[in-house]
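The residues of the chain are indexed from 1 along the displayed sequence.
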Amino acid sequence: MKKALITGITGQDGSYLAEFLLSKGYEVHGIIRRASTFNTARIDHIFIDLHDPHARLFLHHGDLSDSEQVSNIIYNTQPDETYHLGSQSHVRVSFDVPEYTGNVTALGTTRILEVIRRSGGKTKFYQASSSEMFGNSSPPQNEQTPFRPRSPYAAAKVYSYWMTVNYREGYNLFACNGILFNHESPRRGETFVTRKITMAIANILAGKQKDLYLGNLDSKRDWGYAPEYVEVMAKILQLDKPQDFVIGTGESHSVREFLDRAFSYVDLRLEKYVKIDPRYFRPTDTEELIADSRKARENLKWKPKIRFEQLVKIMVDADMRKTGMKPVGEGDKIVEKIFPSRWWKTD
């Protein structure tokens with residue numbers, strides 16, 4: 001039985017990845033931060049009490065800013081694969097807490113890599129790099145595109161990227177970067193723009209919300225479906241040699257387009273509800289991101305199945321269901337048709 005360690009296991013990607021690895025027979029360990037309230041909602045459906053002999057998911061309290069905690073967890077679990085997904089991952093918030101973002105998102109990576117090096121370097125390491133690292137580099141962006149970060153978050157991710165490369169080349173670690181472009185799902189955090197939109201639509205229809213406040217509607221991103229992206233994370237660590245990959249759909253759409261598709265899906269006029277709040281604008285922003293994933297298609301035999309409009313429908317349906325509303329249903333049908341034997345729980 002292979003053993004995997006996931007940082008950020010309670011996040012969108014961490015929860016899907018844990019579910020995927022469990023479906024493949026792994027024993028999965030996850031690092032979670034101690035809080036006075038439960039923050040495990042995304043993984044509650046796969047958690048089995050540790051006293052059960054069939055339990056294969058184990059959670060450990062830790063913090064990426066604490067070297068000793070990180071070290072103890074890795075030494076005690078001895079994972080075959082480590083997926084480093086944990087970070088301060090909100091781009092806009094990183095401008096407000098740049099020092100914390102650097103400590104957790106950048107130095108947290110170094111802490112893990114150093115423990116792996118000191119323990120003999122036997123565990124394979126996956127670093128969750130981000131398309132935000134490309135900043136204003138001209139699209140489409142691939143593995144050779146220069147990084148031009150436009151936020152503290154992106155700068156911290158660039159640091160983590162190069163530390164991963166340095167430990168691979170300097171200490172012969174099996175360390176890989178997955179440069180994932182935006183990927184969304186019904187488990188996306190409620191402060192991220194896509195989920196903020198779909199959740200607002202469900203609340204408006206339910207009579208619980210009147211207005212939706214947003215920032216820059218002209219930013220363009222390459223949006224994919226998160227369950228597909230965690231599968232490629234695992235694929236990267238199954239290669240014979242460690243490599244870095246850009247992962248995305250190859251399509252770019254603006255926030256305004258996402259709004260238009262989502263509101264028209266439920267026959268609402270977005271002009272009636274959407275308002276612009278300058279507080280949501282970033283001091284510096286990235287204009288357009290488009291993934292050139294030819295390397296992943298050739299080496300990993302991977303290409304996305306869910307496209308932009310399908311993603312929008314999937315997310316709107318899920319949030320309507322969560323508010324007690326009857327979903328339109330097209331999104332649910334898309335998932336059932338494209339993933340008839342899906343390994344993840346329908347949200």
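- Put simply, the side chain of Y16 reaches to within 4.5 Å of the side chain of W343, judged on heavy atoms.
- In summary, R261 and E309 engage in a salt bridge, as defined by a charged side-chain N under 4.0 Å from a carboxylate O.
- Salt bridge R187/D319: absent, no basic N to carboxylate O contact under 4.0 Å.
- In the model, S252 has no side-chain atom that pairs as donor or acceptor with a side-chain atom of D222 under 3.5 Å.
- In this structure, F125 has its ring center no closer than 6.0 Å to that of F174.
- Contact check for I247 versus F181: no side-chain heavy atoms found under the 4.5 Å cut-off.
- In this structure, Y229 and W302 have perpendicular ring planes: the angle between them is above 60°, well past the 30° mark.
- A cation-pi arrangement, defined by a distance under 6.0 Å to the six-membered ring centre and an angle within 45 degrees of its axis, is present between R188 and F192.
- Atom NZ of K2 sits in a crowded spot, with more than 12 heavy atoms from other residues, nucleotides or ligands closer than 6.0 Å.
- The number of heavy atoms from other shown groups lying within 6.0 Å of NZ (K241) does not exceed 12.
- In the hydrophobic clustering of ILVMFWY residues, with side-chain heavy atoms under 4.5 Å counting as a link, M199 and V255 come out apart.
- Using the six-membered ring where Trp is involved, F147 and W162 have ring planes that are perpendicular, over 60° apart on the 30 and 60° scheme.
- Remark: side-chain polar atoms of K322 are paired, donor with acceptor, to backbone N or O of P186 under 3.5 angstrom.
- Here the shortest heavy-atom pairing between A156 and G102 reads CB-CA, 4.4 Å.
- Remark: side-chain polar atoms of R269 are not paired, donor with acceptor, to backbone N or O of S264 under 3.5 angstrom.
- Looking only at side-chain heavy atoms (C-beta outward), E251 and R307 come within less than 4.5 Å of each other.
- Checked by atom type and distance alone, the side chain of S219 never pairs as donor or acceptor with a backbone atom of E287 at under 3.5 Å.
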Pair F58-V28, side-chain contact (heavy atoms from CB on, under 4.5 Å): steps then yes or no: CA-CA 6 Å; F58 305 93; V28 177; over 6 Å; no
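- T198 contributes no side-chain N or O that, together with a main-chain N or O of V316, makes up a donor-acceptor pair within less than 3.5 Å.
- Side-chain contact check for S94 and T101: no donor-acceptor pair (N or O, by modelled atom type) lies under 3.5 Å.
- Between D80 and K3 there is no salt bridge, since none of the side-chain N atoms of the basic residue sits less than 4.0 Å from a carboxylate O of the acidic one.
- Within a 6.0 Å radius of CD in Q78, other residues, nucleotides and ligands contribute more than 12 heavy atoms.
- Linking ILVMFWY residues whenever their side-chain heavy atoms come closer than 4.5 Å, directly or via other members, places F281 and F258 in the same cluster.
- The environment of N172 atom CG is sparse: at most 12 non-hydrogen atoms of other residues, nucleotides or ligands sit within 6.0 angstrom.
- L5 and I48 end up in different hydrophobic clusters when Ile, Leu, Val, Met, Phe, Trp and Tyr side chains are linked at under 4.5 Å.
- When atom types are taken as modelled, the side chain of S129 and the backbone of Y161 share no donor-acceptor pair closer than 3.5 angstrom.
- Taking both residues in full, the closest heavy atoms of V246 and A296 are given as O-CB, 3.9 Å, listed atom of the first, atom of the second, then distance.
- With respect to V158, the side-chain contact (heavy atoms from CB on, under 4.5 Å) criterion is satisfied by exactly one of M133, M163, R148: M133.
- Salt-bridge formation is detected for the pair E114/R118: a Lys NZ or Arg NE/NH1/NH2 atom is positioned less than 4.0 Å from an Asp or Glu carboxylate oxygen.
- Under the 4.5 Å side-chain criterion, counting only non-hydrogen atoms from C-beta, D13 is in contact with H183.
- To the nearest 0.5 Å, atoms CG (D317) and CG (D332) are separated by 4.5 Å.
- Side-chain contact between W223 and T249 is absent, with no heavy atoms from C-beta onward closer than 4.5 Å.
- Remark: H84 pairs with no residue by the ring pair (Phe, Tyr, Trp, His ring centres under 6.0 Å) rule, at least two apart or across chains.
- One distance of note links CD1 of I334 with CG of L311; it measures 9.5 Å at 0.5 Å rounding.
- N177 places no side-chain N or O within 3.5 Å of a backbone atom of I179 that could act as its donor or acceptor partner.
- Judged by distance alone, the side chain of K122 and the main-chain N or O of S119 form no donor-acceptor pair under 3.5 Å.
- There is a path of hydrophobic side-chain contacts, each under 4.5 Å, that joins I74 to Y167.
- Within the 4.5 Å cutoff, side-chain heavy atoms of R342 are placed close to those of V335.
- Dense packing is recorded around CD of Q238, with more than 12 heavy atoms of other residues, nucleotides or ligands lying under 6.0 Å away.
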Please assess T194 against E184 for the test side-chain hydrogen bond (donor to acceptor under 3.5 Å, both in side chains), listing each intermediate value before the final yes or no. CA-CA 7 Å; T194 52; E184 319 295 316; 2.5 Å; yes
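- Contact check on R168 versus D244 returns a salt bridge, with a Lys/Arg side-chain nitrogen under 4.0 Å from an Asp/Glu carboxylate oxygen.
- With respect to E132 and R282, a salt bridge is recorded, a charged nitrogen being found less than 4.0 Å from a carboxylate O.
- Under a hydrophobic clustering in which Ile, Leu, Val, Met, Phe, Trp and Tyr are joined whenever their side-chain heavy atoms come within less than 4.5 Å, directly or via other members, L212 and L270 fall into the same cluster.
- For E68, the CD atom sits in a loose shell: 12 or fewer heavy atoms of surrounding residues, nucleotides or ligands are nearer than 6.0 Å.
- Although no hydrogens or angles enter the test, the distance criterion places no donor-acceptor pair under 3.5 Å between the side chain of R150 and the main chain of T284.
- Minimum heavy-atom separation, L21 to I6: CD1-CD1, 4.2 Å.
- Taking the side chain as every heavy atom from C-beta outward, L85 and Y126 approach each other to under 4.5 Å.
- The distance from atom NZ of K220 to atom CZ of R256, rounded to the nearest 0.5 Å, is 10.5 Å.
- A pairwise comparison of heavy atoms in T323 and K208 identifies O-NZ, 4.0 Å as the closest pair.
- In terms of heavy-atom proximity, I276 sits nearest to G215 at CD1-O, 3.5 Å.
- At distances below 3.5 Å, not a single donor-acceptor pair connects side-chain atoms of E228 with backbone N or O atoms of Y225.
- With Y280 as the aromatic partner, K196 meets the cation-pi criteria of under 6.0 angstrom to the ring centre and within 45 degrees of the ring axis.
- Here the shortest heavy-atom pairing between E288 and P139 reads OE1-CG, 4.0 Å.
- Side-chain atoms of N203 never come within 3.5 Å of backbone atoms of A206 as a donor-acceptor pair (strictly under, hydrogens ignored).
- Taking a cutoff of 4.0 Å between a charged side-chain nitrogen and a carboxylate oxygen, D66 and R111 do not qualify as a salt bridge.
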Could you walk me through whether S254 and D218 pass side-chain contact (heavy atoms from CB on, under 4.5 Å), step by step? CA-CA 5 Å; S254 67; D218 296 319; 5.7 Å; no
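- Between K124 and E81 there is no salt bridge, since no side-chain nitrogen of the basic residue lies less than 4.0 Å from a carboxylate oxygen of the acidic one.
- With ring centers used as reference points, F20 lies 6.0 Å or more from W344.
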As a quick check of understanding, evaluate side-chain contact (heavy atoms from CB on, under 4.5 Å) for L113 and N166, giving each step before the final call. CA-CA 10 Å; L113 286 167; N166 272 265; over 6 Å; no
